[in-house]
Amino acid sequence: MHISITDDFDLAKIARSGQCFRVKEFEDGSFRFVTGREVLYLRQSAGGFAVSCPEETWQRVWGPYFDLGRTYSAVQKIIPESDTYMQLAAQEGRGIRILRQDPWEMLVTFIISQRKSIPAIQQAVELLAERFGEAVTTPYETLYTFPTAEQLAGAQAGELAACKLGYRVPYIQDAVAKVLSGQMDLAALATLPDAELFEKLKTIRGVGDKVANCICLFAYGRMGAAPIDTWIHKIIAREYGGHNPFPAYGEHAGILQQFAFYYAIAHKERFT
DNA sequence: ATGCAGGCGGGCT
DNA sequence: AGCCCGCCTGCA
């Protein structure tokens, strides 16, 4: 099927923006995204995109996933002239979207992410999926779903450790236990105000400010959440004299944070 | 080879 | 409340 997207939308930038760890970029310029049991292949073609799913699935699953209901081009215009770094970052990051991903997957993935590089995170997530997820076969490949809490519940600590989770194993076990017991109802959390959602997520071991903000932003679409990782920390120190510029951007903070992050990793030399 | 990579928990002040 | 240290593991 062929679709058109009029707003800012750049697959390569989205794939490299560090918010999703299971996206695959093929040599012919096409991309693969996975959420739940749904797998999407798409590539840019003549004024739009060729997508592997039917219209119904695109509307129901992938439109929300790519946050197509929001106009990202408008965000470019709200940055004041005085914020020169953000102007630059927003220009460079134009086309990135904040993906609306599965809360459970984000919870586990961002617990894993601490003290790991992006390739290392990807590796651990793939190992988890291969060992505990379910196989899904497409015309192009066989891949594995991200394991549910139920699927991880039976895992021995040693099996989790074999997925290169290291000291995070008890954190993942705590997340599994809290979700299975109903103590942490991830679907119900969607109705909570931002601050309450944030605090509730932090009751899981291994979830601190940064990880909780990532989950708020990438799973619950809380655009005011602006996670401060080492790169954003460097940006604040180096470009803003230690003053965090993101809170002042309110409900645009999360999107701008993502632009700022993308700019930093694309120009590492400027921050090292 | 020390230090670091998209932090966090626990103990201390 | 804020600071410091240790921590699985892979990599340069």
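Model, not experiment: these values are computed from the prediction. Sequence lines set the chain letters: A, B, ... in the order given, protein chains first and strands last, and positions in each chain run from 1.
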TODO: Tell me which nucleotide among C:dC7, B:dG6, C:dG10 gets nearest to the side chain of A:Ile118.
DONE: B:dG6
- [ ] Can you tell me, in whole Å, how much space there is between the P of B:dG11 and that of C:dC8?
- [x] 15 Å
Task: Side chain of A:Tyr167 - closest among B:dA5, C:dC8, B:dG9 - done: C:dC8
TODO: For A:His233 and B:dC8, give me the distance from atom NE2 to atom C1', rounded to whole Å.
DONE: 15 Å
Open item on the list: I'd like to know whether A:Tyr140 forms a side chain to side chain donor-acceptor pair (under 3.5 Å) with A:Ser52, so could you lay out the CA-CA distance, the side-chain angles of the two residues, the decisive distance to 0.1 Å, and finally the verdict.
Closed with: CA-CA 11 Å; A:Tyr140 310 102; A:Ser52 64; over 6 Å; no
TODO: Go through the steps to decide whether A:Glu56 and A:Arg60 satisfy the test salt bridge (Lys or Arg N to Asp or Glu O under 4.0 Å), and finish with yes or no.
DONE: CA-CA 6 Å; A:Glu56 185 276 330; A:Arg60 176 175 52 84; 2.6 Å; yes
TODO: Grab the CD1-P distance between A:Ile228 and B:dC8 for me, whole Å please.
DONE: 11 Å
Task: Heavy atoms of other groups near A:Gln91 CD, more than 12 under 6.0 Å - done: no
Open item on the list: Output the rounded distance in Å from CD1 (A:Ile172) to P (B:dC8).
Closed with: 13 Å
Task: Nearest-Å distance for atom pair CD1/C1', residues A:Ile112 and C:dC7 - done: 16 Å
- [ ] Please determine if a side-chain N or O atom of A:Lys234 lies less than 4.0 Å away from the OP1 or OP2 oxygen of B:dA5.
- [x] yes
Open item on the list: What contact category does A:Lys202 fall into here, base, sugar-phosphate, or nothing, at under 4.0 angstrom with non-hydrogen atoms?
Closed with: nothing
- [ ] Indicate, with a heavy-atom threshold strictly under 4.0 Å, whether A:Ile121 touches base, sugar-phosphate, or nothing.
- [x] nothing
Task: Rounded distance (Å) that lies between atom C1' of B:dA5 and atom CZ of A:Phe110 - done: 15 Å
Open item on the list: Students often get this wrong, so: under 4.0 angstrom with heavy atoms, is A:Arg205 touching a base, only sugar-phosphate, or nothing?
Closed with: sugar-phosphate
Open item on the list: What is the distance, to the nearest angstrom, from the CG atom on A:Leu160 to the P atom on C:dT9?
Closed with: 13 Å
- [ ] Would you classify A:Ser17 as touching base, sugar-phosphate or nothing, given that sugar-phosphate means primed atoms plus P, OP1 and OP2, and contacts are heavy atoms under 4.0 Å?
- [x] base
Task: Test salt bridge (Lys or Arg N to Asp or Glu O under 4.0 Å) applied to A:Glu126 and A:Arg22, step by step - done: CA-CA 8 Å; A:Glu126 284 312 310; A:Arg22 302 202 65 199; 3.0 Å; yes
Open item on the list: Please compare A:Pro119 and A:Ile204 by the position of their nearest nucleotide in DNA chain B and report the one closer to 5'.
Closed with: A:Pro119
Open item on the list: So that I can compare with my own list, what are the stems of DNA chain C, taken as at least three consecutive Watson-Crick or G-U pairs with distances under 3.5 Å?
Closed with: B:2-5 with C:9-12, B:7-13 with C:1-7
Open item on the list: In whole Å, measure the gap between the P atoms of B:dG6 and C:dC4 for me.
Closed with: 23 Å
Open item on the list: Name the residue from A:Asp10, A:Asp7, A:Asp8 that meets the salt bridge (charged side-chain N to carboxylate O under 4.0 Å, His left out) definition with A:Arg94.
Closed with: A:Asp8
TODO: With heavy atoms under 4.0 Å as the rule, sort A:Gln258 into base, sugar-phosphate or nothing.
DONE: nothing
Task: Polar contact flag, side-chain donor to acceptor under 3.5 angstrom, A:Tyr220-A:Asp194 - done: no
TODO: May I ask you to say what A:Val169 touches in the nucleic acid, namely base, sugar-phosphate or nothing, with a heavy-atom cut-off under 4.0 Å?
DONE: nothing
Open item on the list: Ring centroids only, cut at 6.0 angstrom: are A:Phe110 and A:Phe21 within range, meaning strictly under it?
Closed with: yes
Task: Side chain of A:Phe21 - closest among B:dG6, B:dA5, C:dG10 - done: B:dG6
Open item on the list: Please determine whether any donor N or O and acceptor N or O are separated by less than 3.5 Å between the side chain of A:Lys210 and the base of B:dG7.
Closed with: no
Task: Rounded distance in Å - CZ (A:Phe218) to P (B:dG6) - done: 14 Å
Open item on the list: In this structure, is the centre-to-centre distance between the rings of A:Phe33 and A:Phe66 below 6.0 Å?
Closed with: yes
Open item on the list: I need the CG-P distance between A:Asn213 and B:dC8, as an integer number of Å.
Closed with: 9 Å
